[in-house]
Peer 1: 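Structure incoming, see below.
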Amino acid sequence: MKLGKQFAIFASLGGAAAFWRMECRGQVGQARLDPLINPGGVSSHAHVIHGSSGFGAASTYEDLLNGDCTSCAVVQDKSAYWAPILYFKHLDGSFEEVQQVGGMLAYYFLNKDLKDPNKPITAFPNDFRMIAGDSTRRNYSVAGLDPLLPDPPKSDWASKGQTNQHDLAQRALGFNCLHYGGENEPTLYRHYLPDKAFLDANCKDGVRFELSFPSCWNGKDISSPDHKSHVAYPDTVINGNCPPGFDVKLPGLMFETIWATNAFVGVPGEFVISNGDVTGYGYHGDFISGWDANFLQAAVEQCTDGSGMVQACPLFTVLSEDEQRKCKMQLPPSVVNEKVTGMIGESLPGGLAIAYGPGPAIGAQAVQPAPAATSASANLPGGVFKELPSETPEVNALGAAEASSSPTPTPTPTPSDPPVPAGYELLRTDYVTNGNVVSKIVVIETVEYVMLATETVTVTATFGADKARRELHHLHGRRHGMH
Ligand SMILES: *[C@@H]1O[C@H](CO)[C@@H](O)[C@H](O)[C@H]1NC(C)=O
């Protein structure tokens with residue numbers, strides 16, 4: 001295992017600024033729990049939970065702070081991050097958990113409100129809560145657009161009337177087809193989960209779910225009845241202008257989770273999110289801040305290293321990946337005997353039916369009680385929350401320093417252009433589209449040196465992401481590499 005450090009070289013984001021990437025390599029639990037939607041009870045669908053071990057059916061801010069560990073990288077972050085699990089439904093009707101690759105990453109983008117760039121970013125207040133996405137949604141309804149087509153350029157969204165919060169929320173979801181070594185898709189490029197045939201044919205390294213949270217706040221409520229209406233998206237989702245009444249700019253939170261859909265290539269069946277969603281339009285996620293607001297404020301002001309590495313921030317106490325993975329929560333009796341991982345039988349957890357849409361999935365919020373202990377689950381020492389067997393692929397979502405030590409075949413990013421300087425290793429290349437600027441993120445690794453290199457590709461014409469990417473690809477043919 002290499003001890004190299006990873007550096008993300010984040011090229012210009014059109015004036016956008018620093019960020020950090022909260023790695024959450026461990027899962028504190030997987031269960032039908034949701035302290036925001038079903039406080040004290042059982043959720044209609046199963047979640048994978050990251051962050052503080054103090055998470056529970058009704059966890060409060062104090063509970064999260066009192067958790068004795070976190071499955072994320074920074075000791076001071078006792079937040080809770082949770083989102084649905086992805087399953088695979090086999091032809092015989094049985095469901096199987098799809099493996100998460102490398103846990104979850106929570107990006108904290110420190111982008112200013114475009115209309116007021118001198119206004120500082122405000123940390124999440126203590127106990128701040130919010131939800132992104134809508135579990136019942138099963139269609140894409142932005143301006144009658146074909147959901148299969150890429151978005152128009154961001155600079156056109158306002159003039160086309162596509163900056164209302166309903167539209168932005170649908171564009172805050174991304175399903176990124178991973179094929180390392182090939183051309184990467186931009187973040188939040190596709191807003192639906194591609195079908196099995198597409199995934200099999202194109203996404204040999206799996207699929208990355210992306211979920212961007214609103215980052216404009218009304219400045220007074222730590223939550224709201226729907227856990228949404230106290231916040232709003234800026235007008236191009238991750239960046240842009242905050243709408244009136246939501247004038248306090250928070251860090252822009254974005255979850256990224258890679259699912260090993262590639263483990264099912266050639267296996268007949270379909271992928272379904274735990275809330276009975278095969279479309280992806282109903283993907284969602286929840287957050288309760290478990291930061292101390294004063295500490296987070298200092299981090300927002302001081303952790304502005306362009307690498308995005310939490311290790312680059314002197315304020316953070318960073319945990320090893322092993323420590324993150326060791327952190328587990330105590331499952332409450334209501335769900336401790338319910339099997340939600342591995343092969344889980346003939347229905348989704350909670351007995352939820354698949355809802356194909358396009359109408360809303362009414363049942364997605366209905367709550368079934370969790371089963372009592374059965375002889376099958378009683379046979380499992382430690383209940384259903386048994387550690388996954390060691391053949392589970394454990395691949396660092398960044399392309400993984402430890403990928404070489406993994407016991408299973410792991411996606412090895414193929415070096416692509418530009419050439420990586422001697423002494424460095426290319427881990428990953430990503431593109432982020434912001435208006436007409438396509439920014440390239442080159443993640444490289446070195447053992448001894450701090451590499452400071454940037455490459456900015458500015459596409460000045462007003463074309464969309466798809467054409468921009470082709471243009472970018474073309475540009476690369478003539479590019480001589482990083483400098
Ligand atoms: C699309 O989804 C929305 C939100 O769930 C719903 O209100 C609307 O009825 C759906 N459209 C169709 C055609 O079913």
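Positions are given from 1, in the same order as the sequence printed here. Order of listing sets the numbers, starting from 1, for every ligand and every atom in it.
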Peer 1: May I ask whether S141 places a heavy atom under 4.0 Å from ligand 1?
Peer 2: no
Peer 1: Within ligand 1, which atoms have a heavy atom of R137 less than 4.0 Å away?
Peer 2: 2 (O), 4 (C)
Peer 1: Is the centre of the F209 ring less than 6.0 Å from the centre of the F175 ring?
Peer 2: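 So the answer is yes for these two rings.
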Peer 1: Tell me whether the centres of the aromatic rings in H227 and H284 are closer together than 6.0 Å.
Peer 2: no
Peer 1: Look at the rings of Y108 and F287 and say which category their plane angle falls in: under 30° parallel, 30 to 60° tilted, over 60° perpendicular.
Peer 2: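 Taking F287 first and then Y108, their aromatic rings stand perpendicular (interplane angle over 60°).
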Peer 1: With a cut-off of 4.0 Å, which atoms of ligand 1 are near a heavy atom of N139?
Peer 2: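 Those atoms are 1 (C), 2 (O), 3 (C), 8 (C), 10 (C), 11 (N), 12 (C), 14 (O).
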Peer 1: So that I can tick it off, tell me whether D200 and K196 are bridged by a salt bridge, with the cut-off set at under 4.0 angstrom between side-chain N and carboxylate O.
Peer 2: yes
Peer 1: Verify whether one side chain among S224 and D221 offers a donor that lies under 3.5 Å from an acceptor in the other.
Peer 2: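 No, no side-chain donor-acceptor contact under 3.5 Å.
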Peer 1: Using heavy-atom distances only, which candidate in P360, A361, P358 approaches atom 13 (C) of ligand 1 most closely?
Peer 2: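 Selected option, by shortest heavy-atom distance: P358.
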Peer 1: Which ligand 1 atoms are under 4.0 Å away from a heavy-atom of G359?
Peer 2: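 In order of number, 14 (O).
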